[in-house]
Amino acid sequence: MYRTTWKTILANKRRLLNTFISIAFGVAFIAGTFIYGDTTAKAFENLFANAFAGVDINVQPEFDSELSFAGDTVRMADSVIEDVQRVGGVEEAWGSVGGFAVIIGPDGEQAGSGGAPSFGANWPDVRADTGFDLISGARPTGPTEVAVDGSTFEGEDLALGDTLLILSADDRREFTLIGVVGFGGETSIGGATFALFDTVTAQVFFNAEGQVDSIQTTVTSEADVADVITAVQEVVPAGVVVTSGQSAAEEQARQVNDQIGFLTTFLQVFAFIALFVSTFIISNTFRIIVVQRTRELALLRALGATARQVTRMVMVESLIVGLVASVIGVGLGLLLAIGLRSLLEVAGLTLPSTSLQLSVQTVVIAILVGTVVTLVSAFIPARRASRVAPVEAMRIDMPGRRGSFAKRAFWGTALLALGVGLLFLGLFADVSLPGLPVIATVGLASLLTVLGVTTLSPLAAPFLTRWLAAPFVPLSNITGRLAQENSARSPRRTAATAAALMIGVALMSIAAVFAASIQGTIDEIFDTGITAELIAQPQNAFSGQGFTTAFADDVELIPEVSELGRFRQNIARVNESVEFIAAGDDSFTNLIVFDRVEGQVAGLGTIGFAVDFATAENNEWALGESVEFEFLQTGVQRLELQGLYESPGANGVFISLEAYEANYAEQLDSQVYIKLAEGVSLDTGKAAIAPIAELYPTVKVADQEELKSDLETQTFQVLGLIFGLLAMALLIALIGVANTITLSIFERTREIGLLRAIGLTRRGVRRMIRLESGVIAAYGAILGVALGIFLAWALLLALRDQGFSQFVIPWLWLVVGVALIGFLGVIAAILPARRAAKLNVLDAIAHE
Amino acid sequence: MTNDIRAANGSDAARIENGSKLYGEGTARITALDGVTEGFESGKFTAIMGPSGSGKSTLLHCLAGLDTLTQGVVYIGEQLLDGLSDRELTLLRREQIGFIFQAYNLIPTLTAEENIVLPQLISGVTPDRDWLDQVVSTVGIGDRLTHRPAQLSGGEQQRVAAARALASRPKIVFADEPSGNLDSKAGAELLEFMRLAVSEFGQTIVMVTHDPIAASYSDRIVFLEDGRVVDEMADPTAERILDRMKLLGV
Ligand SMILES: Nc1ncnc2c1ncn2[C@@H]1O[C@H](COP(=O)(O)OP(=O)(O)O)[C@@H](O)[C@H]1O
Ligand SMILES: [Mg+2]
């Protein structure tokens, strides 16, 4: 009987089309994220492979990369180079040193785009291949010469001989542009700007006199690399690792890819959301098709097919649909990978790229996931198909099998109660499930809540959809009324369709409420937590790089400024987890508001630290407690808890500037808080600082209002990215709406014919169907918004210790969003509505 | 009486002239109607009879503007249907024509009352309450107005459909085997009502049927065979119809 399967699929092709599309889109998203991740990883591998192509041995101090913040490394004495050079078999040995180097273009602006970092390094004077190729000009020699990467050279419209201002962590100098560098055929390393100097100049400029970050060597042709590695290991200091150039390349690529791995994971979360949404559509479609084919199935049963054969027949259909759609999805994934790249670039994230990497693993995973999801979604409808009784072949009416509503009400309420109950327990009683942190309990509770709402939704659908359509009824005579009744007619179908939309919209609402609440929290921080009128921070907020301390030194001297606080940021391992470490001088502590302090937050010296009450409580720390910190440069240090605080302007671990200087190599200010002298107006103060700020192009000085709006822009950029990624889930859900509409038109063909016969115009038919679709979509959107607000509220409560003090609902956005989605639902139905309106009246009336 | 909707001049409510309808191409070509010329007098109940496949439904559909003739013309009242757009035809059906199909006449989501006034609801005009009450009480479903079709018996459903066909006071009502799915009692009730609509309210009805008893409720019968009008009969009785059918070899 499977011989008929293919024919059945073809016969149902219009019914299956939307399902097909939603599977393909879901799979495309999954494949796209894998392809994007693999491509980026491959690009980094290529970059490092090129950098180490001419290197036989790499010598580098070992360090804990988890503790490295914004590119921090550990250095060693450059005298090691000579020791290595003397080892038998070593042909040539050279040192590499680098750091942050911001290039200021001739226009006075920082070179490079958006989020890309700015690096500098030495260009060693050796015969070996250092990974740097001269594109034009010459290799820099002497203290005033620099070479820049090809992309920056072109992008900034530079010319050889130009004078460039370049800033390092604690130096600023003018250099003459002498050369343009490439990297094994590429003109840029992942979009970063690159400045190269001769070795001594780089050491001075990067505050590394007598030091290098790493040493590279080549070996003589007769030497064995492994033997030489062993020999070199003998002469280098403890803690310095000697490896082959190739494994160094692999290791560094691995480290970078580990760091950007979160990104792939982040994208995959959205891909799986999209696929999850398509499960609703797949299962809905098969359910409807099974119902519509009841008579055919019953006939098969009457002719002797077993229940199992009928199930298997439907499953084989879904297998074929899932498989074919998944294969096409993988193809679409290639396109999507390019789209993802553009989306992330718009959001300010530039990563290196190379030709698209479609691995066997990607193909297998994507096809497997797509097919399995289809099979699983079709399973329940397939089981239902097997339960069609042979006698139903004789029935004239379309059977509308309904499950027990009482049962549904019971389970839905139970799930919802369990979810909400767990949520409240986790939030207010701090009770969490054994072995789970509170946030995981809240997550699980959210999932249960979603399931509860989904289960109950068919019960609410008839009322809510009628209510939603009500405003349109007086406007549209009977079409509105018909649409109203139709959307309320198959509550399960409406609910399943709406549920797909609900999930996407709920996630969008959570993001929107978070964004609004973060904005509210930021406003709150500025309004009540910070007394400084002006704040200086890096122009490029995304790179994590601070700016030179010289800026604060200069500003401190002008008379318009009464007090100036320096703030720095890095990371350390505290109590087994890597935490942000904030540091500030005593002036900083004067410029933010503390609601409550026990012990002290100023004068912590090199041995003390302070922390907010909530963090102390979570770690069970008491004042006077000695806590282990592990720093990248100085290893394990014990600091004493000397202060507990509560402040709208700060939270987390806080140490003094002295302690920061003692434990971190690079001294860059993350923020400088400026309080103006008595009687100095904001404008006067800004005007006084402006000439200094001009000397530091990487620094941006802003008043509180400007900062608020800057941060708002950043928040909404991230919100935009999340919306962009959720758009796929939304798109699939809208296809689901069109799908349901198409399938219910099939079912109601005769009814539409009748309406046309007794005088409903084509336009009337179109209007009726579009309105029905809009109502279903709006229903899903309203459920989603309600759920989103509730869950965001719960999550924000759970995160209140992390400084989320405000809960703000962006009503305008949400209302506009629901209306928009209702409108998109109308758009989604345009084609099905047009098709319905074109039905031949007589055929429709005769339709079975 | 005020509710008399008979055309003043007593002319035809619908008329087909030299109407032919062809289906298919080449060897599969079927002539469903073959040069039919016939008028359907206003205020009269006309039945169309004929063997299965003789073109009865095709004739009805073409008269009602649901289908178009391959050749020939159709008038509803003075209005020539030829050349009307889909929209104009739809409006014409809505305002001047009533329908009773063999089955599935009602929208399942609407109540009986809403189904009855559906054409008016579609055009957005307020139904004439008095007239409606009169129709509803004549058809005998006054107590079931708030029910949905699924809660009504087959006979009741067809009577609701008949009430709908009359509610807009159309120029003409077309019925295709309206009692075909009903038992004889329910069928008789429906036909009784249709008869009443013609004699009491002056409605014009054209009904396709193959049942001599149903046809005997009419004022006149038109016999079709192979798409041609082959005979007619005025003031028929069931026996005369049976005799005639035997004669025609049905
Ligand atoms: N849509 C169609 N396509 C092709 N042939 C048709 C179509 N509709 C009707 N016919 C043919 O036209 C002839 C008349 O059909 P119909 O008017 O339905 O007859 P009746 O109602 O008298 O049984 C029949 O031979 C039928 O097969
Ligand atoms: Mg017929």
Side-chain angles (χ1 to χ4, degrees), chain A residues 396-400 402 462 465-466 469 473-491 494 744 747-769 771-772 775 834 837-848, chain B residues 21 23 32 57-58 60-62 64-68 85-111 114-127 148-150 154 161 164-168 170 173-176 181:
Chain A
I396 294 173
D397 281 328
M398 222 23 126
R402 0 180 110 219
T465 50
R466 278 210 185 89
V473 172
L475 298 178
S476 52
N477 305 327
I478 192 64
T479 48
R481 176 91 177 82
L482 287 167
Q484 191 180 23
E485 289 303 326
N486 286 336
S487 51
R489 181 175 198 170
S490 323
T494 299
S744 56
E747 234 169 60
R748 298 206 307 258
T749 303
R750 195 154 43 195
E751 214 173 298
I752 292 166
L754 176 65
L755 285 168
R756 293 276 291 120
I758 64 172
L760 188 62
T761 55
R762 287 190 167 148
R763 187 195 293 183
V765 171
R766 286 199 297 266
R767 202 190 296 146
M768 172 180 80
I769 288 166
L771 184 56
E772 179 184 345
V775 165
R834 194 178 293 172
K838 279 202 196 129
L839 280 176
N840 177 295
V841 182
L842 287 174
D843 292 348
I845 292 174
H847 181 89
E848 287 224 26
Chain B
K21 176 73 182 178
Y23 287 113
S57 296
T58 305
L60 198 78
H61 294 153
C62 290
L66 289 171
D67 207 347
T68 49
S85 69
D86 181 82
R87 184 181 160 74
E88 287 164 330
L89 276 175
T90 305
L91 295 184
L92 179 96
R93 285 199 302 270
R94 186 199 290 172
E95 284 153 15
Q96 309 202 21
I97 298 175
F99 285 101
I100 311 171
F101 296 104
Q102 185 170 0
Y104 307 108
N105 267 300
L106 307 179
I107 301 297
T109 47
L110 299 181
T111 62
E114 284 171 321
N115 266 292
I116 292 172
V117 295
L118 194 50
Q120 288 96 307
L121 290 178
I122 290 174
S123 42
V125 301
T126 326
R148 309 245 161 175
R164 178 194 62 212
L166 257 59
S168 56
V173 171
F174 293 106
D176 193 349
N181 275 0

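Chain A is the first sequence line, chain B the second, and so forth, proteins listed ahead of strands; every chain is numbered from 1.
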Distance-minimising heavy-atom pair for B/Phe101 and A/Ala757: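 Closest pair (atom of B/Phe101, atom of A/Ala757, distance): CZ-CB, 3.8 Å.
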Contact origin within B/Glu114 toward chain A - heavy atom pairs under 4.5 Å: side chain
B/Leu106, part contacting chain A, at a heavy-atom distance under 4.5 Å: backbone
Among A/Val841, A/Leu760, A/Asn840, residue most engaged with chain B (heavy-atom pairs, under 4.5 Å): A/Leu760
Among the listed options A/Arg748, A/Gln484, A/Arg763, A/Glu751, the residue most often paired with chain B at heavy-atom distances under 4.5 Å: A/Glu751
Member of A/Asn486, A/Leu482, A/Ile758 meeting the side-chain contact (heavy atoms from CB on, under 4.5 Å) criterion with B/Ile107: A/Leu482
For chain A, the option from B/Leu110, B/Ile97, B/Leu92, B/Asp86 that forms the most heavy-atom pairs under 4.5 Å: B/Asp86
Among the listed options B/Pro108, B/Pro119, B/Ser123, the residue most often paired with chain A at heavy-atom distances under 4.5 Å: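 It is B/Pro108.
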Any A/Arg481 side-chain heavy atom under 4.5 Å of B/Leu121 side chain: no
Atom group of A/Arg756 that falls short of 4.5 Å from chain B, counting heavy atoms: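 Looking at A/Arg756, backbone and side chain both touch chain B.
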Side chain to side chain donor-acceptor pair (under 3.5 Å): pairs with one or both residues in residues 93-103 of chain B, sequence neighbours excluded: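 For residues 93-103 of chain B, and leaving out neighbouring residues, the side chain to side chain donor-acceptor pair (under 3.5 Å) pairs sorted by first residue read B/Gln96-B/Lys171, B/Gln102-B/Asn181.
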Set of salt bridge (Lys or Arg N to Asp or Glu O under 4.0 Å) partners for A/Arg766, sequence neighbours left out: none
Side chain to side chain contact (heavy atoms under 4.5 Å, CB included) evaluation trace for A/Thr761 with B/Ile122: CA-CA 9 Å; A/Thr761 55; B/Ile122 290 174; over 6 Å; no
